[in-house]
Amino acid sequence: MFSSWLPGLNRGLATPTGRIALLVGRSPSRSLQLSSRRSVPELSSFVARTNTCGELRSSHLGQEVTLCGWIQYRRQNIFLVLRDFQGLVQVLIPQDESAASVKKILCDAPMESVVQVSGTVVSRPPGQENPKMPTGDIEIKVKTAELLNPCKKLPFEIKDFMKKTEALRLQYRYLDLRSFQMQYNLRLRSQMVMKMREYLCNLHGFVDVETPTLFKRTPGGAKEFVIPSREPGKFYSLPQSPQQFKQLLMVGGLDRYFQVARCYRDEGSRPDRQPEFTQIDIEMSFVDQTGIRSLIEGLLQYSWPSDKGPVGVPFPSMTFAEALASYGTDKPDTRFGMKIVDISDVFRNTEVGFLQDALSKPQGTVKAIRIPEGAKYLKRKDIESIRKFAADHFDQEVLPVFLKANWNWNSPVAKLVMEEQGLGLIRRMENQEEDVVLLTAGEHKRACSLLGKLRLECADLLEARGVLLRDPALFSFLWVVDFPLFLPKEENPGELESAHHPFTAPHPSDIHLLHTEPEKVRSQHYDLVLNGSEVGGGSIRIHDAQLQRYILETLLKEDVKLLSHLLQALDYGAPPHGGIALGLDRLICLVTGAPSIRDVIAFPKSFRGQDLMSDAPDFIPPEDLKPYHIQVSWPTDAETEKNSLNPPHHPES
Ligand code: ASP
């Protein structure tokens, strides 16, 4: 039977990055080894059992034990496999007449019923050991058994859980949590957070402070959830992060703050976001960027699970401008190459129309990425869909150029490029015979963003065809620094918005530009990127009230009344300070190799922001809304239909 259960488990764990196969045949908590030494926790204190199912080994032979667990499997009314959080153990169902009542309990109980058994740990008969099972050398000879609670017919089998739709898993989340995968993810999360607390509080004197979740509206940034109050027309807002509170704690002299903080953003459905999520939120006084970066590198090194390999520090860093130019994004996946190359100079005298056009414009560039062995792995339909994507989403042309002229038979333009600029192109792109170059032309940012997307798209395509580009065992951390302080507003490019948040300090060397060319000012904002995902971000803050007011009022045109408490506080001897927040869900998702952040959260919301188990959000009867002076204005059928056809658009931040 284990041969059928374990490969199933293995499959479930074989995430796209295939990283946690180590769980196979091991119990989840025992396989979590964190970097520093710790004493082994006592797992059976205070409870009815003497041992956990998964901990029993030959060293326990002869011991009388009491176990509590769920019935995972039963074979021929002779064997039963009992499971708890620690693992599986085989139980021998007694066959003799005198134990008929015990046999009846164990044979009648439906699968996933919870039972308590007492008996002796014995060796399995020679030849019947199961090397795939950590407890495979022993079994339990049962003397007494008690059915603690029977289980109704399940909506699915626990071991097949990963095969079920996610909606079903979320609806029966309490059953999903019984799976090895979820147990592993949540236990790893808990252990990493514990190590983080230890590092921050015990080793570096941070103070864990809880901040309110009922707060008020903050200007700019993400959309907030609102909570009605009993005062007519007045609402609380759920904080997007404890940003203001942690700065105020610095004014209050707390000096080093940290919190495992719940944050709320009403940003609608995005695959890697949750409306409520958790940050490791940090703030320090008298610190600069280097200090924060070293703190975080030490924190991750300390809390990193040892079976995931060591974390090399310091992490490399890259400016925002470099990230955009080479990777087309502010969160580059640096596990592989295929960088963007500016080849405008190679095409100065080109005859190719769309390249000529682009280069004749003041901001015009020609850029390319090289797809290694693309000629071998990319199909014609891939190239067509790449070109369509570029046209649909970026209004850009992409030209695939194959090194061998005869492979360009269907593209006279590519042929022309090879004839005219072939040599220059090969030299600049360091092409090998089977590579493909994807060429585009246009304004720098636009061309880079497009090629950045295509770089990832092509990496997915190559990997789907068996090429290993991104080592699943590799964790590639990167600091991205020197962001612009402001960006043009998406909906109104004539106005500015903060690239991070309005409390971020300008780069000291650019302060003089604040009054003249604010769009050119760089900031003291830093992001932490892991394997192409942003896992943290922070900044050195403005601690000068006058500068903060100028930025809010004059440059960002925000209503400063909403922030008068903060501006006032800065005037009362606020220390220089800075901080950062790590996105815990995303970080754990990457560490575990889980397919989605929902797999590292015990009770996540669905893609559409719903709790499928309890069916939240839910209606509230009108009379219960009265104390809040609120009435629902129900949408018409036509409006409802329109909204479901056009869900709100969420541009990537
Ligand atoms: N509060 C910021 C955020 O949530 C992080 C920081 O600046 O510390 O992104």
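Residues take their numbers from the sequence shown, with the count starting at 1. Whatever order the structure lists ligands and atoms in, that order sets their numbers, starting from 1.
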Ligand 1-proximal atoms of Glu534, by part, heavy-atom distance under 4.0 Å: neither
As an exercise, identify every atom of ligand 1 less than 4.0 angstrom from a heavy atom of [X].
{"X": "Ile580", "result": "8 (O)"}
{"X": "Gln279", "result": "3 (C), 4 (O)"}
{"X": "Arg265", "result": "3 (C), 4 (O)"}
{"X": "Ser241", "result": "1 (N), 4 (O)"}

Protein heavy-atom partner closest to atom 5 (C) of ligand 1 - residue, atom, separation in Å: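 Of the protein heavy atoms, Gly537 O, 3.3 Å lies nearest.
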Top protein contact for atom 2 (C) of ligand 1, by heavy-atom distance: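 The answer is Gln243 OE1, 3.5 Å.
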Partner of Phe320 by ring pair (Phe, Tyr, Trp, His ring centres under 6.0 Å), out of Phe483, Tyr526, Trp479: Phe483
His501 near ligand 1 by a heavy-atom separation under 4.0 Å: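 In this structure, His501 qualifies as a contact of ligand 1 - some heavy atom is under 4.0 Å.
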With distance as the sole criterion, is a donor-acceptor pair present between the side chains of [X] and [Y] under 3.5 Å?
{"X": "Gln524", "Y": "Ser539", "result": "no"}
{"X": "Gln244", "Y": "Thr218", "result": "no"}
{"X": "Glu495", "Y": "Asn492", "result": "yes"}

Proximal candidate to atom 8 (O) of ligand 1 [heavy atom criterion; set His500, Lys246, Gln240]: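 Considering heavy atoms of His500, Lys246, Gln240, the nearest to atom 8 (O) of ligand 1 sits in Lys246.
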Assert yes or no for the condition that the ring centre distance of [X] to [Y] is strictly below 6.0 Å.
{"X": "Phe477", "Y": "Phe315", "answer": "yes"}
{"X": "Phe277", "Y": "Tyr264", "answer": "no"}
{"X": "Phe503", "Y": "His501", "answer": "yes"}

Ligand 1 to Asp281 polar contact by distance, N or O atoms, under 3.5 Å: no
